[in-house]
Visitor: 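Mind looking over this structure? Questions follow.
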2 protein chains.
Amino acid sequence: MRSPKPTLTEQELEIMKVVWQLETATVRQVYETMLAHRRIAYTTVMTMMNILEQKGYLKKRQDDRAYVYRPSQPQKLVIRSMVREFVNRVFNGSAEPLLVHLVEGQHLDAKDLEEIRKTIRKDAKS
Amino acid sequence: MRSPKPTLTEQELEIMKVVWQLETATVRQVYETMLAHRRIAYTTVMTMMNILEQKGYLKKRQDDRAYVYRPSQPQKLVIRSMVREFVNRVFNGSAEPLLVHLVEGQHLDAKDLEEIRKTIRKDAKS
DNA sequence: GATCGCATACTAATAAATTAGTACGAAAGG
DNA sequence: CCTTTCGTACTAATTTATTAGTATGCGATC
């Protein structure tokens, strides 16, 4: 199972974000957290967490009465591969045009740019 | 019709890329182009181009026997809003972390970074 | 020990995305 | 004119995504 993991759908990502946030979570905890943002059924959350486990994004472990889930990969890694996929899909794999869009599209303000400059400098030395 | 256009699905984006490339295209032209990359039926392409027209991404005009389609918006604009959406979905709207991912994730090589530095400098002055 | 609360397993309804088939008309070629 | 070609319109099968219901079990409480 050297999983080239199936990709996360929109809703699945929402769940993953919550679990990453909580680090470890039961269905109920995720459910409660999501309820704060939108109407959703407990069983919906459960179904999706099961799917996420099948897809290899979550691991579950029995604990007392309920399962406790935890991410099987750090958020950074997963998001990184989502970025890679997006770049492939939209920009045919080349990241530079994405940058141009970000800079030109007012997605980034002056503070961001300063941050980036620093990051680049640091990175460029290594 | 102040269209907050429905978003493009994966396959629809493939079609749009071809049409942007050709600037103006019939179903057959798009079909031929796509055939070079993968097996697909003529009618599939037609169906999708109809959907794209309904969604407001393509305009058609009768010309001789077949319709001629053209993009109703420039590629840059559409892609920009896809980027915005992605940033919203994955990074809760803040673009800076995306940058960090790009830089750290070996998506960008040294030449890219130089390019970006220039872009940023230019942009920062305005 | 019957009932309530909470958990899971299993099932399923609905919607959206993807792919394509069939019918049919116009025109082009013989 | 009849057949082939190419085009559209309309229909639809299949898959994937999204959302949730129902059945059922277990432990705590009255």
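Just so we're on the same page: letters track the sequence lines, and every chain starts at 1. This is a predicted model, so every value here is computed, not measured.
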Visitor: Could you list all the ring-ring contact (aromatic ring centres under 6.0 Å, His included) pairs where at least one residue sits in residues 29-61 of chain A, not counting sequence neighbours?
Guide: Tyr31(A)-Tyr42(A)

Visitor: Applying salt bridge (charged side-chain N to carboxylate O under 4.0 Å, His left out), name anything that partners Arg28(A), two or more places apart in sequence or on another chain.
Guide: Glu32(A)

Visitor: Quick one: pull up CZ in Arg39(B) and CE in Met34(B) and give me the separation to the nearest 0.5 Å.
Guide: 12.5 Å

Visitor: In whole Å, I'd like the distance from the CD atom of Glu10(B) to the P atom of dA16(C).
Guide: 19 Å

Visitor: Return the residues of residues 24-39 of chain A meeting this criterion: a heavy atom under 4.0 Å from some atom of DNA chain D. Order them by number, or give none.
Guide: Arg38(A), Arg39(A)

Visitor: In B/S/- notation, 5' to 3', how is nucleotides 25-30 of chain C contacted by protein heavy atoms closer than 4.0 Å?
Guide: BBS---

Visitor: Of all nucleotides in DNA chain D that come within under 4.0 Å of a heavy atom of chain B, which is furthest toward the 5' end and which toward the 3' end?
Guide: dC6(D) to dA9(D)

Visitor: Would you kindly give the CG-to-P distance between Asp63(A) and dA7(C), to the nearest whole Å?
Guide: 12 Å

Visitor: Considering only heavy atoms from C-beta outward, does the side chain of Asn50(B) approach that of Lys60(B) to under 4.5 Å?
Guide: yes

Visitor: Return the CE to CG distance between Met48(A) and Leu52(A), rounded to the nearest 0.5 Å.
Guide: 6.5 Å

Visitor: With sequence neighbours excluded, give me every salt bridge (Lys or Arg N to Asp or Glu O under 4.0 Å) pair touching residues 61-72 of chain B.
Guide: none

Visitor: Give me the residues of residues 40-48 of chain A where at least one heavy atom lies under 4.0 Å from an atom of DNA chain D, by number, or none.
Guide: Ile40(A), Ala41(A), Thr43(A), Thr44(A), Thr47(A), Met48(A)

Visitor: Is any side-chain heavy atom of Met82(A) closer than 4.5 Å to a side-chain heavy atom of Thr7(A)?
Guide: no

Visitor: Would you check if the side chain of Thr44(A) reaches a backbone N or O of Ile40(A) as a donor-acceptor pair within less than 3.5 Å?
Guide: no

Visitor: When the distance from CD1 of Ile51(A) to C1' of dA9(C) is rounded to whole Å, what number comes out?
Guide: 14 Å

Visitor: Going by the rule ring-ring contact (aromatic ring centres under 6.0 Å, His included), which residues pair with Tyr67(A) if we only count those two or more places apart in sequence or in a different chain?
Guide: none

Visitor: In whole angstrom, what separates Gln54(B)'s CD from dA16(C)'s C1'?
Guide: 14 Å

Visitor: List the residues meeting side-chain contact (heavy atoms from CB on, under 4.5 Å) with Ser72(B), not counting sequence neighbours, and say none if there are none.
Guide: Lys5(B), Lys59(B)

Visitor: Under 3.5 Å, sequence neighbours excluded: what are the donor-acceptor pairs made by side chains of residues 11-24 of chain B?
Guide:
{"unit_1": "Gln11(B)", "atom_1": "OE1", "unit_2": "Arg38(B)", "atom_2": "NH2", "d": "3.2"}
{"unit_1": "Glu12(B)", "atom_1": "OE1", "unit_2": "Thr9(B)", "atom_2": "N", "d": "3.0"}
{"unit_1": "Glu12(B)", "atom_1": "OE1", "unit_2": "Thr9(B)", "atom_2": "OG1", "d": "3.4"}
{"unit_1": "Glu12(B)", "atom_1": "OE1", "unit_2": "Lys55(B)", "atom_2": "NZ", "d": "2.9"}
{"unit_1": "Glu12(B)", "atom_1": "OE2", "unit_2": "Lys55(B)", "atom_2": "NZ", "d": "3.2"}
{"unit_1": "Lys17(B)", "atom_1": "NZ", "unit_2": "Arg89(A)", "atom_2": "O", "d": "2.5"}
{"unit_1": "Lys17(B)", "atom_1": "NZ", "unit_2": "Asn92(A)", "atom_2": "OD1", "d": "2.9"}
{"unit_1": "Trp20(B)", "atom_1": "NE1", "unit_2": "Gln73(B)", "atom_2": "O", "d": "3.0"}

Visitor: What pairs of residues pass the ring-ring contact (aromatic ring centres under 6.0 Å, His included) test when at least one of them lies in residues 72-94 of chain A, not counting sequence neighbours?
Guide: Phe86(A)-Phe86(B), Phe91(A)-His101(A)

Visitor: To the nearest Å, how far apart are Glu53(A) CD and dA9(C) C1'?
Guide: 13 Å

Visitor: Give the rounded distance in Å between these two atoms: OH of Tyr67(A) and P of dC6(C).
Guide: 19 Å

Visitor: Taking the side chain as every heavy atom from C-beta outward, state whether Arg80(B) and Arg84(B) have any pair of such atoms under 4.5 Å apart.
Guide: yes

